[in-house]
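Following: one structure in C-alpha cells, then a few remarks.
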Amino acid sequence: MIKTRKQLIQAYLKFFQGKGHKQVQNAPLIPEHDPTVLFTTAGMHPLVPYILGERHPQGKRLVSLQRCIRTGDIDEVGDDLHLTFFEMLGNWSLGDYWKEEAIKFSYEFLTSKKWLGLDPKKISVTVFGGDGEIPRDLDSAEVWKQVGIPSERIFFLGKEHNFWGPAGKTGPCGPCSEMFYDTGRAKCSRKCNPSCSCGKYFEIWNDVFMEYNKLADGKYEKLKQRNVDTGMGVERTVAMLQNKANVFEIEVFSPIEKRIEELANIGGETKERMKSIRIIADHLKAACFILAERVAPSNLDRGYVLRRLIRKAIRHGRLLRMQKFTKEIAEEILKIYRRAYPQIKEHGSFILSEMEKEEIKFLATLEKGLKRFEDIIKEIKTKEISGKDAFDLYQSYGFPIEMTQELAQERKLKIDAKGFEEEFKKHQEMSRQATEKRFKGGLADFSEKATKLHTATHLLHQALRNVLGTEVRQHGSNITPERLRFDFNFTRKVTEEEIKKVQDEVNKNIKAALPVKKEEMSFPEARKQGALAFFGERYGEKVSVYSIGGYSKEVCGGPHVKNTKELGHFRIVKEEGVAAGVRRIKAVLE
Ligand code: SER
C-alpha cells in the first residue's frame, strides 16, 4: 500500500522510469541561472529551455521530484490545502508523447492496484472547454472516455481553470487536464463541480499540454514541439491517500504542529488558533528551505521574503502566547527532511542560528510596534491607515508592509499601499524602477557602486566560462556597494593561476572600453541569440538582454554601466567552497 510521502515519491519515480523516463535532479529553490528571480515555483521551471526546444542531455522523457516555493497564495495559508513550501512530482515529454499517452500514464498510476489503486469511480477530471482562440480539448476528453471515465465525470471548464501558464505575460503554455478525487462529501449545490472549493473534490494532478507560446501582443503561436508538463502535489496526494481532509495532518506536518502545541501549551481548538498553528508550521518550513540555500533574512529580494515569513510566524506565535520558539520548531522541521535533503543537513546550524537571530531582532521591537499600531488605529478617522504610518511601522519597528496589511485586515481596515510606496521611495532615495521591483517581491540596489559591480559580475561570469569551461554556471549572485559575490557550479578548488587568468581577462575587458547595450525581447528570442539566461518564474515576460561588446550576453534585470571603462580595477579577494560542487568568488572594484 502506498500511503506515505516516501512511498509515493518512490512509486512515482519507479512508475515513470519503467515508462522510459530519466530522473532529473531536484533543482535548487533559487533558479540557477538568474540573480534576479526569486524562487522555483514548479517542476517545469528548470526545464523551460527544453520546453522551448533545446535538447535535454537526459532525453525526451523526464521525471522529477521538485521542491517549490510559491508566495502567490501566501494569504490563503491556514486553510486545508495551501502551502508556501511544497514538493511536486512531475513527468515530462519534450516533443515526445502527447495527450493519449500522458493521460493513460496518469490513469494507470492512479488506479492500478500495483500503484495508487484509487477507485476509478471516485475520479473526476476536467478538460479545457475552449474559447475564441484555443479550441475545446475534445481529444483529451475522448482519451478519458476510452480509459473508462464516464461523460458525467468529465467537466469542460474555461481558461481560468484549465489553461496553465504562461508564468509571466508571455511564454510557453497550454490547455490542461486536472484530476480530482471525490472525498465523499455531498455536493454543495447543483452547480458544484471540481473547480469548487467546498471540499468535495480534492485536486491531485495536473497534465498540461504545452503547445503554445503566448506572445507580447497577446496572440498564441505554436511552439516548435508539443510538450507534456505534469505536476502532482505531494502533500495533497499523501493527504488523500491517508484519508485526511487537510495537508497539515500528514507526517511532514504533524510533528511540527505537535511541537507548536507543546510550546504554546494549547491546541488548535479554535479556528483562529488552528490557523496560527498552520501558518507557523508552513512559514517556518519554507524559511528553513530558503535558509538551506544560504540566504539570510534581509530587506532585499529573497532575504526579504524570508524575513516576512519568519516575522509573520513570530506574530502568530505571539497570538498563541509563545515567547521564543522558532529554533525549537525549526529543529523539528530539520528532523523531518534531513535525510531527504542533504542541504538541510549540511546547513542545519546556519538555519538554526539565522532563525534565532532574526527572532531576537524582531522580538526587540514587536511589542512596541503592536502598541504603536493600536495607537495609530485609535487616531485615524477614516478606515485607512496612511502610508506614512505604515512606513513608520516598517522603518522603526521592522513590520513588513504585508504584516501591517494583515493586522489592518483583522480590524477591517485598509492601508494606503501607494502612500507607503511613496514614503518608502522618499526615504530610500531610490529610483522608481528599484521601488517597483521591491513591490514585486524584491529590491535591487541601484547605487552607482552596485551598478558597476553588476556589470563586473557579467564579465566575471564569462571569464570563468572561458577559463574553466562552459559547464560553469551561475548558481547565485549577491551584490552590495562594497563587493560582488558570485556562486557557480564547479567541483574543485580554482587554482591561483586560474584565478589570475580570470582576473586578468576581466581587467583586459575593462581596459578595452566595451560598450554595454540593453535590448528588450521575448525570452525565446533571447535564448535563440545565445544569451546566458535564467530559467525562473519571470522567463515568460519580455526580458532585458545586456550585451557587453561581443564578449558577453546575458538576460538580466540590470542595472548596468554604459561602458566597461567606468569600472576601474577588478580584484578577486576570495575563492572558497560553499556547498558540494558550488564555489564562491568575492571580488571588488578599486
Ligand atoms: N506546471 C503545472 C503546474 O504547476 C504542471 O506541472 O501545475
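Whatever order the structure lists them in is the order used to number ligands and atoms, beginning at 1.
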Within the 6.0 Å centroid threshold, strictly below: F202 and Y181: no
Protein heavy-atom partner closest to atom 3 (C) of ligand 1 - residue, atom, separation in Å: W164 NE1, 3.3 Å
For atom 7 (O) of ligand 1, closest protein heavy-atom neighbour: N206 ND2, 3.2 Å
Whether F109 and W115 hold their rings parallel, tilted or perpendicular, with breakpoints at 30° and 60°: tilted
Sub-4.0 Å atoms of ligand 1 with respect to non-hydrogen atoms of D229: 1 (N), 2 (C), 5 (C), 6 (O)
Plane angle bin for H347 and F350 - parallel if under 30°, tilted between 30 and 60°, otherwise perpendicular: perpendicular
Interfacing atoms of ligand 1 (cut-off 4.0 Å, heavy-atom, V208): 2 (C), 5 (C)
Within reach of ligand 1, part of T41 (heavy-atom separation under 4.0 Å): neither
A42 neighbourhood, listing ligand 1 atoms whose heavy-atom distance to it stays under 4.0 Å: 4 (O)
Under 4.0 Å to a heavy atom of R70 - the qualifying atoms of ligand 1, by number: 4 (O)
Centroid separation Y220 to F163 less than 6.0 Å: yes
Steps toward salt bridge (charged side-chain N to carboxylate O under 4.0 Å, His left out) verdict (E100, K104): CA-CA 6 Å; E100 180 171 353; K104 287 184 174 167; 2.7 Å; yes
Atoms in ligand 1 flagged as close to G231, the criterion being non-hydrogen separation under 4.0 Å: 5 (C), 6 (O)
Geometric class of the F486/H461 ring pair [parallel <30°, tilted 30-60°, perpendicular >60°]: tilted
M44: numbered ligand 1 atoms lying under 4.0 Å from its heavy atoms: 1 (N)
Check: Q58/Q23 side-chain N/O donor and acceptor closer than 3.5 Å: no
